[in-house]
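Here the structure is laid out as structure tokens; the discussion comes afterwards.
Note that these values count all heavy atoms, side chains included, but never hydrogens, waters or copies made by symmetry. Convention: sequence-line order gives letters A, B, ...; per-chain numbering from 1.
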2 protein chains.
Amino acid sequence: MSLDGQLPPKMRLLRAAAELLANSAGAAVSTRQITQLAGVTAPTLYHHFGDKEGLFDAVVAAGFEEYVAGERDFAPSGHPLEDIRRMWDNHVLFGLKQPELYLVMFGNIRPESRPAIVADAEALMEEMLTKAAAAGQLNVQPREAARSILAANVGVTLMLIAEPAAERNLELSTMTRDAMIFAVSTEQAAGTSPENSGRSSVVVAAIALNAALQASHSDQLSSSELKLFLEWLHRISTSASS
Amino acid sequence: MSLDGQLPPKMRLLRAAAELLANSAGAAVSTRQITQLAGVTAPTLYHHFGDKEGLFDAVVAAGFEEYVAGERDFAPSGHPLEDIRRMWDNHVLFGLKQPELYLVMFGNIRPESRPAIVADAEALMEEMLTKAAAAGQLNVQPREAARSILAANVGVTLMLIAEPAAERNLELSTMTRDAMIFAVSTEQAAGTSPENSGRSSVVVAAIALNAALQASHSDQLSSSELKLFLEWLHRISTSASS
DNA sequence: CTATCACCTATAGCATTGCTATATGAACTG
DNA sequence: CAGTTCATATAGCAATGCTATAGGTGATAG
């Protein structure tokens, strides 16, 4: 029954906590259960983790690494938006596979205190979206898009977890996913030109902006500013050869 | 200190619980605090509500009626999709106004046990969406659309609640809202605008270039030039669309 | 007016919770 | 060997949710 291999007590505590958390079917997990399963007494727990929450944070950190590993395991497909879709799906699957852990990570919301985990997940998403932006596939700032998509992603996952497993319909996920991605992407407009493939994304973006600026009349810059701006733009777009 | 008007103890318990819940900056609320504030002893609570959770459910039920009242207060505008937007905004505002209550209602997710409240909110949303469907403005089944929109709505609200109040940016909400509504509606077929949903291609290109420049290290501009350049770029890419 | 009976509330206390003051052992360092 | 530090154990505290039991109150029946 007890987890006493020859592992150090710290590890045994982590494993015991993770196991109890995973099988707790929603019920609360007490420190006494954990210490008993780990074959250890209370002060050991508090010596190593300071707090019950400290122990849980450690478990969450391990879970988060697993999560991130899953998110990064996909080689970039060259289609950033496609990668985002897989990221979304991976997020949902992680939540459904380890609902208890997921709830500790993303469901433990408290006002004014954002879990660090959320910020990390957001950064991960933003990183991916920045690639999409660099490819001219994004309609809004990567940060805003990341926050928006992640919010919807978490909302959907929580909703699915709350449902009886039998009724879980992943279509809710894919539908919401595509809605969000579609909304932040430029897919809807004319497809990106095929010749963009070889060049550096900086150059492509600069060319696009140059053309767009010439065509429209932006009033965000004064004429003198605009002149200098265009000059720099030209320098950038003609620099990196081919 | 105590809430002993001449109200019956049941009411006093409800009010005490609601008040403590609203002001408990995230901390747990104990039955002893509640009974003391209500000027009542423990057995009274358990006689009337059976459980601590029973009492909380009763508080939530009251909160939900307030929520529903808010949702229904809008006279149908004749534009169902516009009503959905107001419904969304009202949902978010309710959550931000009473975060603790909202968290008890929507944040207390447990696997396999969906709070009745969620089903009710879903029904409310579906009801509204059915009108949109009747007007030929819906792309998918009202039920699916309602689930999807509500999931995103809850996700956004939780995200906003978790943020420090000072940093809360409601644009996250409106952006996600419009994305979801756009996705389930037939608006897109009717071609809202020739450009990217109102966003000029200048802005899109500027966002792309901004992201590309951050990623790569272009040496075509001096650092001081680059700084000014990025500032202008930011001004362009965050300019009000249209 | 008394008696009964259902309902509501209080006294007191149980078991469990998270956590800790204190002490003991082990292991390395001088 | 003495001393210091880290790691674990014994025992127990205050707070928690909850309850067994009993007392009080009102209405209704005789």
Side-chain angles (χ1 to χ4, degrees), chain A residues 1-61 100-101 103-104 107-108 110 113 115, chain B residues 1-61 100-101 103-104 107-108 110 113 115:
Chain A
M1 191 55 158
S2 56
L3 280 191
D4 34 8
Q6 299 306 8
L7 297 98
K10 192 171 177 178
M11 277 299 171
R12 277 185 282 162
L13 278 169
L14 272 176
R15 296 203 178 181
E19 179 179 330
L20 286 177
L21 213 53
N23 303 349
S24 70
V29 178
S30 71
T31 59
R32 281 175 170 82
Q33 293 175 39
I34 298 174
T35 55
Q36 182 183 342
L37 178 60
V40 159
T41 52
T44 309
L45 190 162
Y46 294 93
H47 174 70
H48 286 290
F49 300 99
D51 224 346
K52 182 189 186 181
E53 200 182 322
L55 171 57
F56 276 59
D57 283 350
V59 173
V60 162
E100 309 290 345
L101 182 56
L103 286 178
V104 176
N108 221 359
R110 297 278 73 192
S113 91
Chain B
M1 192 54 158
S2 57
L3 279 190
D4 33 10
Q6 298 308 4
L7 297 98
K10 193 171 176 178
M11 277 298 170
R12 276 185 281 162
L13 278 169
L14 272 176
R15 296 203 179 180
E19 179 179 330
L20 285 177
L21 213 53
N23 303 348
S24 75
V29 178
S30 72
T31 59
R32 281 177 170 80
Q33 293 175 40
I34 298 174
T35 54
Q36 182 184 341
L37 177 59
V40 158
T41 52
T44 308
L45 191 162
Y46 292 93
H47 173 71
H48 286 289
F49 301 98
D51 225 346
K52 183 188 186 181
E53 200 182 320
L55 172 56
F56 277 59
D57 284 350
V59 173
V60 162
E100 309 291 345
L101 182 56
L103 286 179
V104 175
N108 221 359
R110 296 278 74 191
S113 92

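- A:F56 pairs in a side chain to side chain contact (heavy atoms under 4.5 Å, CB included) with only one of the listed residues (A:D51, A:I34, A:L101), which is A:I34.
- Qualifying side-chain contact (heavy atoms from CB on, under 4.5 Å) partners for B:T35, counting only residues two or more places apart in sequence or in other chains: B:L13, B:L45.
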Atom pairs, protein N/O to nucleotides 24-28 of chain C N/O, distance under 3.5 Å:
none

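- Under the side-chain contact (heavy atoms from CB on, under 4.5 Å) criterion, B:R32 pairs with B:S30, not counting sequence neighbours.
- The CD1-P distance, from A:I34 to C:dC19, rounds to 10 Å in whole Å.
- Put simply, the side chain of A:H48 reaches to within 4.5 Å of the side chain of A:T44, judged on heavy atoms.
- Residues A:L37 and A:L20 form a side-chain contact, since some pair of their non-hydrogen atoms from C-beta on lies under 4.5 Å apart.
- A 4.5 Å side-chain heavy-atom check between B:L21 and B:V104 finds at least one atom pair inside the cut-off.
- Under the 4.5 Å side-chain criterion, counting only non-hydrogen atoms from C-beta, B:E100 is in contact with A:R110.
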Can you build the contact string for nucleotides 6-19 of chain D? Use B for base contact, S for sugar-phosphate-only contact, and - for no protein heavy atom under 4.0 Å.
-SBBB-B---BBBB
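- Residues passing the side-chain contact (heavy atoms from CB on, under 4.5 Å) test with A:A58, sequence neighbours excluded: A:L14, A:F49.
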